[in-house]
Amino acid sequence: MASEEPQYKEATRSDSRAVVAAGLSSEDDAAVLAKLGYKQELRRNFTMIEVFGIAFSIMGLLPSIASTLAYSIPAGPVGLVWGWFLASMFIFIVGLAMADLGSAMPTSGGLYWWTHFFASPKSRNALSFLVGYSNTLGLVGGLCSIDYGFSLMFLSVIVIAKDGTWKPSNGAIYGVFLVCVLLHGVLASTLSKVMGKLQTVFVVMNFILIAATVIALPIGARYRRHDAKFIFATTANLTTWPTGWAFMLSWLSPIWTIGAFDSCVHMSEEAANATKAVPYGILMSIGSCWLFGWIICIVIAACMTSDFESLLASPFGQPMAQIYYDAIGKNGALGLMSLLFIVQFLMGLSITVAASRQSWAFSRDGALPFSSFFRPISKRFGYIPLRTVWGCVLLAAVLGLLSLIAPAAAQALFSLAVAGNNVAWGVPIFCRVWWGQEKFHPGPFYTGKLSIPIAWTAIIFLVFGTLLSMFPVGGPNPTPQSMNYTVVINSAVWGGALFYYYLDAYKWFTGPKITLDASELTEEQEKVLREEGLDLKIEGLGKKPGSDEEITTDRKEYGET
């Protein structure tokens, strides 16, 4: 529609022109993006609070804790409470390392862009390609695992209503999953103009659920609440691993839950004042989950039964459903589980948006199959990457077919999100401190002298978390039904990406592409871009003002040869 076309305003500086899409972005935000080689194409309608909101709503604190209790309950209350606290602390350190990068270079494809910028000339293309695919598939895996968790929660309400006399089949679980994924595609496509505002609503819904739980559970279980010794000092081991390792495996719950903070990076080009909104969105979302998640874990430990095996074997299919049922009865459990799956649904909508932005950024740089098809922005639907929204939805629907095989295969969807994203977060941080520290120019948010120690701590933790996610949860010598297929799924992703690169992609993938039109740059912007090592000659976009110089598409290797 004509009314939706952005109005352009022209500014004259040093005999050059700067064209800014006033309906999409401020001049300052457009200039920051131009420094990275990209023109503004998405509408910046996310405030700092809304950037925080999309990450926090994807994390979906209580639904995520509920979905991953099977990781923490086998280690007892100590695993539930202290496992959450310690793992969250290290995740916050990872967030600090990423906030440094997000403030300095905010772009939707930040993780693979940073990798390419900081890595050595020989490795940058391959590593950037690997990170882009790992991050893209990790986000889609996150969508799968969230919507799979939604289907289990939704069906658990039916099981509770039928007093445990009915058990859903794998086909029923996938059917609910598929409807959920498709609904997310429809909503992500049609609600783009209010998606930022909706994040505030989603955050409020999360806190309503948290408040209802931390109030209702202690009241309902007031005659059998556990004391502080039980909550903070009681261990258990329902695995065949040593007790200490069972405690470490309980870290998988917070590692999976607090795993969407990179969504702030992917919303960079839709965030106003991105150099501050992105880092503070990352840290506020992690910090909120650290604090409120610890409170929730303490309340759950205080109110759950000491028969941990009965929770894991609940006929309702969800330990959290059993905890609600034991504390507040059938009607209370129905009410809170209903609110739980609603919030889980909202999580899936938010991660659909984040995954589509990463996929769009990767297709903008020509790295995804059919990139030219996925690349266009839909103006009719509010300047969003509509085609990548549905690309992510359809890929999630295909990956969700794993749930038809067995629960162990479905759990691989969780691991795809954890291990895939850990690699995508860790590689650019490593590239910065190992090869590119001299090229790093801090943004408004910077951890100063602690930046490098923080980065190395983050790298070590991410390597540990990736290895941890590959262990069979129940113990060594797993059966096919209890096997952890993380190593299989992620090795296929990482090996496949590298195989694809060295087989064919190395011929045409040279890293992020410049999308700026040289005729739209000010003299000052040209100077900054040349200092960054970017070739300003862009093919097919005409000639520079006052010049007969034809424009080509090459990007220099950031000043290195």
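Worth saying up front: this structure is predicted, and the values here are computed from it rather than measured. Because only heavy atoms are used, hydrogens play no part in the values below, and waters and symmetry mates are left out as well, while side chains stay in.
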Colleague: Please step through side chain to side chain contact (heavy atoms under 4.5 Å, CB included) for the pair V353 and M267, ending with a clear verdict.
Modeller: CA-CA 9 Å; V353 174; M267 302 309 295; 4.0 Å; yes
Colleague: Identify which one of Y500, Y506, Y502, Y501 satisfies the side-chain contact (heavy atoms from CB on, under 4.5 Å) criterion when paired with D504.
Modeller: Y500
Colleague: For T257, enumerate each residue passing the side chain to side chain donor-acceptor pair (under 3.5 Å) test, keeping only those at least two apart in sequence or located in another chain.
Modeller: none
Colleague: Do the two ring centres, one from F118 and one from W114, sit under 6.0 Å apart?
Modeller: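 Between F118 and W114, the centre distance exceeds or equals 6.0 Å.
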Colleague: May I ask you to check if K276 and F445 form a cation-pi contact, with NZ or CZ under 6.0 angstrom from the six-membered ring centre and within 45° of the axis?
Modeller: no
Colleague: Which residues pass the side-chain contact (heavy atoms from CB on, under 4.5 Å) test with P376, sequence neighbours left out?
Modeller: R387
Colleague: Look at the rings of F461 and W251 and say which category their plane angle falls in: under 30° parallel, 30 to 60° tilted, over 60° perpendicular.
Modeller: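 The arrangement is tilted - the two ring planes meet at 30° to 60°.
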Colleague: Going through the checks in order, is the side chain to side chain contact (heavy atoms under 4.5 Å, CB included) test met by R124 and T115?
Modeller: CA-CA 7 Å; R124 61 165 49 111; T115 299; over 6 Å; no
Colleague: Run the side chain to side chain contact (heavy atoms under 4.5 Å, CB included) test on S88 and I258 for me, step by step, so that the C-alpha distance in whole Å, both residues' side-chain angles and the decisive distance to 0.1 Å come before the verdict.
Modeller: CA-CA 8 Å; S88 299; I258 314 176; 3.4 Å; yes
Colleague: Does some side-chain heavy atom of S350 sit less than 4.5 Å from a side-chain heavy atom of F202?
Modeller: yes
Colleague: At their closest point, which heavy atom of P478 faces which heavy atom of P472, and how far apart are they?
Modeller: CG-CG, 3.8 Å
Colleague: Are any non-hydrogen side-chain atoms of I384 and R357 less than 4.5 angstrom apart?
Modeller: yes
Colleague: Between S57 and L346, is any pair of side-chain heavy atoms under 4.5 Å apart?
Modeller: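 Contact flag for S57/L346 side chains = no.
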Colleague: Distance-only check: which donor-acceptor pairs under 3.5 Å involve side-chain atoms of residues 174-181, not counting sequence neighbours?
Modeller:
| from | atom 1 | to | atom 2 | distance (Å) |
| --- | --- | --- | --- | --- |
| Y174 | OH | A397 | O | 2.8 |

Colleague: Could you tell me if the side chain of I282 sits less than 4.5 Å from the side chain of V265, heavy atoms only?
Modeller: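 When only atoms from C-beta onward are counted, I282 and V265 do touch, with a gap below 4.5 Å.
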Colleague: Flag the pair F362 / Y133 as yes when their ring centroid distance falls below 6.0 Å, and as no otherwise.
Modeller: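 F362 vs Y133: aromatic centres under 6.0 Å.
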Colleague: So do the side chains of I54 and Q199 get within less than 4.5 Å of each other, counting heavy atoms only?
Modeller: yes
Colleague: Considering all heavy atoms of both residues, which atom of T68 and which atom of S253 are nearest to each other, and what is their separation?
Modeller: OG1-OG, 2.7 Å
Colleague: Report the residues that fulfil side-chain contact (heavy atoms from CB on, under 4.5 Å) with A172, sequence neighbours left out, ordered by chain and then residue number.
Modeller: P168, S169
Colleague: Per the side-chain contact (heavy atoms from CB on, under 4.5 Å) rule, which among T352, L395, L182 passes with W390?
Modeller: L182
Colleague: Going by the angle between their ring planes, with limits at 30° and 60°, are F345 and H184 parallel, tilted or perpendicular?
Modeller: tilted
Colleague: Looking at F374 versus F370, is the centre-to-centre ring distance below 6.0 Å?
Modeller: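 Judged by ring-centre distance (under 6.0 Å), F374 and F370 do not meet the cut-off.
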Colleague: What's the shortest heavy-atom distance between G348 and I146, and which atoms?
Modeller: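 Looking at all heavy atoms of both residues, the closest pair is N-CG2, 3.6 Å.
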Colleague: Quick one: do N490 and T466 satisfy side chain to side chain contact (heavy atoms under 4.5 Å, CB included)? Show the steps, please.
Modeller: CA-CA 10 Å; N490 284 280; T466 302; over 6 Å; no
Colleague: Heavy atoms, side chains only, cut-off 4.5 Å: are I351 and S263 in contact?
Modeller: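 In short, these two side chains do not touch, never coming nearer than 4.5 Å.
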Colleague: Would a 4.5 Å heavy-atom cut-off, applied to side chains only, mark Y280 and V51 as touching?
Modeller: no
Colleague: Which heavy atom in L139 sits nearest to a heavy atom in A354, and how many Å separate them?
Modeller: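 Heavy atoms of L139 and A354 come nearest at CD1-O, 4.2 Å.
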Colleague: Tell me, please, which residues at least two apart from W435 pass side chain to side chain donor-acceptor pair (under 3.5 Å).
Modeller: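 Testing W435 for side chain to side chain donor-acceptor pair (under 3.5 Å), a comparison that skips the adjacent residues, returns none.
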Colleague: Could you work out, with side-chain contact (heavy atoms from CB on, under 4.5 Å) as the rule, every residue matching N477, not counting sequence neighbours?
Modeller: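 N477: no side-chain contact (heavy atoms from CB on, under 4.5 Å) contacts found.
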